[in-house]
Amino acid sequence: MKLKIQFFFLLGALLLNSVSSFCSAQSGDETNRQNYTDENGNRQGYWKIMGALSVEEGFKKDAVVEEGTYVDNKRQGLWKKYYPNGEVRSEITYESNR
């Protein structure tokens with residue numbers, strides 16, 4: 001009986017988490033989502049470039065290589081680049097991709 005209660009509690013927690021994740025992804029401005037590409041194929045909003053998406057060598061697939069904001073496929077604002085060990089390699093502030 002105790003196992004059934006634990007199972008239903010876990011199932012309920014997973015269901016609640018799934019519903020809240022779905023609702024947060026559906027609400028608000030689309031450009032506020034991470035790694036969002038608009039209908040024209042332009043990168044928009046906050047992006048995290050992970051090892052799996054990068055050509056940089058030495059990074060694990062789930063390691064952050066660089067992160068920052070895109071506006072119409074151009075880098076904008078502060079971008080951070082990392083070493084494979086996770087330490088910050090550089091911080092560059094972009095204005096219209098420059």
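Remark: of the listed residues Asp72, Thr37, Thr69, Asp72 is the sole one forming a side-chain hydrogen bond (donor to acceptor under 3.5 Å, both in side chains) with Gln44.
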Show the atom names and distances, to 0.1 Å, of all donor-acceptor pairs under 3.5 Å that link a side chain in residues 89-98 to residues at least two apart or in another chain.
| from | atom 1 | to | atom 2 | distance (Å) |
| --- | --- | --- | --- | --- |
| Asn97 | OD1 | Arg75 | N | 2.9 |

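Although no hydrogens or angles enter the test, the distance criterion places no donor-acceptor pair under 3.5 Å between the side chain of Trp47 and the main chain of Gln34. In this structure, Asn40 contributes its side chain and Asn42 its backbone to no donor-acceptor pair below 3.5 Å.
Lys48 has no carboxylate O lying under 4.0 Å from a charged side-chain N of Glu66, or vice versa, which leaves the two without a salt bridge.
Rounding to the nearest 0.5 Å gives a distance of 7.0 Å between CG of Asn35 and CG of Leu53. For the atom pair CD of Gln76 and OH of Tyr70, the computed distance is 12.0 Å after rounding to the nearest 0.5 Å. Interatomic distance, NZ of Lys61 versus OG of Ser54, reported as 13.5 Å (0.5 Å rounding).
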- Verdict with reasoning, Val64 to Met50, per side-chain contact (heavy atoms from CB on, under 4.5 Å): CA-CA 4 Å; Val64 179; Met50 308 301 281; 3.8 Å; yes

- Task: Determine, step by step, whether Tyr82 and Glu67 satisfy the side-chain contact (heavy atoms from CB on, under 4.5 Å) criterion, reporting the C-alpha distance in whole Å, the side-chain angles of both residues, the deciding distance to 0.1 Å, and the verdict.
- Result: CA-CA 9 Å; Tyr82 298 92; Glu67 61 185 328; 2.3 Å; yes

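When every heavy atom of Pro84 is checked against every heavy atom of Gly58, the shortest pair comes out as CB-O, 3.3 Å. Across Trp79 and Ile49, no two heavy atoms sit closer than the pair CZ3-CG1, 4.4 Å.
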